[in-house]
Chemist: 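First the structure, then my questions, so here it is.
Worth knowing before you read on, the calculation uses all heavy atoms, side chains too, and leaves out hydrogens, waters and symmetry mates. Lettering of chains follows the sequences in order, A, B, ..., and the numbering in each one begins at 1.
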2 protein chains.
Amino acid sequence: MDKQAQLEAFRKGIAQFVTFNDAEWKIFTPYLSFSSLSKKEHFAVEGKVCHYMCFITRGAVRYYHIKDGQEITGYFSFENELMSAYKSFLKRTPNTNYIQALEETELVMISHQNLQQMLNHPLLALKIERFGRLIAEYYICCYEDRVTAFVTQSPEERYTALEKTAKDIFQRIPQHFIANFLGITPVSLSRIRKRTLLQ
Amino acid sequence: MDKQAQLEAFRKGIAQFVTFNDAEWKIFTPYLSFSSLSKKEHFAVEGKVCHYMCFITRGAVRYYHIKDGQEITGYFSFENELMSAYKSFLKRTPNTNYIQALEETELVMISHQNLQQMLNHPLLALKIERFGRLIAEYYICCYEDRVTAFVTQSPEERYTALEKTAKDIFQRIPQHFIANFLGITPVSLSRIRKRTLLQ
DNA sequence: TGAAAACGTTAACAAAAGATAAGGATTTTA
DNA sequence: TAAAATCCTTATCTTTTGTTAACGTTTTCA
């Protein structure tokens, strides 16, 4: 995808949070940069500060922790979604997990440094503050649902819900990653799938 | 606690997010209101839009869902913390859970309407945008940790961690609420406590 | 293209958690 | 202050999950 198309996708993707008129867009876009990840390449690794907030124009990534030498996948992001090691990016602290491309992935990026400059730019500050606020609020709502699922639902119920709301994910992501995401082991997910099929 | 003392506590409590000089504080405070909850009184109920974002100056509340007629407690907030049915407050949608006082509780509140007015107030807008952004970012970091705990840790590990970081909660909150918060049944938590004591 | 790696399923067993009920202690409240 | 409600623990039984290993299939990649 060429940069122009990526910018278009980005503009469209963030329209739910904030819209720029053409004049503002012209000021805004020079603060953006572009990058891509080949399959299995890492965007973020444990112990390093994450300097970018990204919008995925193509591809998919997984977020995972390493615990006792084992990888545990906690989340995924796909095209037209935002991606970052958010906590590390916001707090400027070493990241505690990994973000790895599951497919060939293309990104539009905002560096932390550029973000700060925009927050000091008289013509952008208010809009960027709002942008940041609305993104954060959006993610809080997602997190709220995710925590609620862990507290109120059994693994099987979480699986059934996922199968209902995002069936396609099973065609795209290896099942053992999804198992981790649901908070169970791959073996257990395999059993749940068999169980729920028979019913 | 008198209103002046509550305002002081509020000012101090939000200083981690934003600080007001005395002139700004004078403009800001008229947008605040006060309330209190007696024990067991509800601040928010399922099906109603939550109109307030609060700061707890005294007391404690629990957040719970009702599933199959049963209450499941998902979270707590204590004095010097913020409290709201965040998702409902932000999206103006009916709330999906309950918030109930566990003790006599006192609140400093910002109504959604007043918040919007401040966001349109030339002298407050930028600071309030930032306030909102930083609050949201703060909660995202909390949620990130909480989700990570569910994905990477066993119930026993979550209990041990809680016992390490917030031992006092066991003196203050009925244990079966804490069990829900950890994502397990009260019976199971009782067993875990016995198990970990013997080791 | 051929060896190696990755992946999903299944089995067997152990460990943990859920469900239900009972009992005793404490707290609430009328 | 007496009855009711709440709370924690314990026991029993059932269900689910974790662990480990094996097997066949598919995918990867040198």
Chemist: Do B:Ile178 and B:Val187 belong together in a cluster built from hydrophobic side chains that touch within less than 4.5 Å?
Modeler: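 No.
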
Chemist: Rounded to the nearest 0.5 Å, what's the gap from CG on B:Asn80 to CD1 on B:Ile56? Could you check?
Modeler: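 These two atoms lie 9.0 Å from each other.
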
Chemist: Looking only at the aromatic ring of each residue, does the gap between the centers of B:Phe170 and B:Tyr159 stay below 6.0 angstrom?
Modeler: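 Yes, they do, as the ring centres are separated by less than 6.0 Å.
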
Chemist: To the nearest Å, give me how far apart CG (B:Leu102) and P (D:dC7) are.
Modeler: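 The answer, rounded to whole Å, is 10 Å.
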
Chemist: Can you give one letter per nucleotide of nucleotides 13-30 of chain C, going 5' to 3': B for a protein heavy atom under 4.0 Å from the base, S for sugar-phosphate only, - for none?
Modeler: ----BBBB-------S--

Chemist: What distance do B:Lys87 atom NZ and A:Cys142 atom SG have between them, rounded to the nearest 0.5 Å?
Modeler: 8.0 Å

Chemist: Same cluster for B:Met109 and B:Phe131 if Ile/Leu/Val/Met/Phe/Trp/Tyr side chains link at under 4.5 Å?
Modeler: no

Chemist: If I take atom NZ in residue A:Lys67 and atom C1' in nucleotide D:dT19, what distance separates them, rounded to the nearest angstrom?
Modeler: 14 Å

Chemist: So with a 6.0 Å cut-off around CZ of B:Phe76, is the heavy-atom count from everything else above 12?
Modeler: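 For B:Phe76, atom CZ is crowded (more than 12 foreign heavy atoms under 6.0 Å).
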
Chemist: A:Arg193 has an atom CZ; how far is it from atom P of D:dT16, in whole Å?
Modeler: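 Taking CZ of A:Arg193 and P of D:dT16, I get 18 Å after rounding.
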
Chemist: Which residues, if any, of residues 157-181 of chain B bring a heavy atom under 4.0 Å of DNA chain D?
Modeler: B:Pro174, B:Gln175, B:His176

Chemist: Which residue pairs pass the salt bridge (charged side-chain N to carboxylate O under 4.0 Å, His left out) test with at least one member in residues 1-26 of chain A, sequence neighbours excluded?
Modeler: A:Arg11-A:Asp22, A:Glu24-A:Lys127

Chemist: May I have the distance from A:Lys194 (atom NZ) to D:dT16 (atom C1'), rounded to whole angstrom?
Modeler: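 Value for this atom pair: 15 Å.
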
Chemist: Can any side-chain N or O of B:Asn114 pair as donor or acceptor with the backbone N or O of B:Tyr31 at less than 3.5 Å?
Modeler: yes

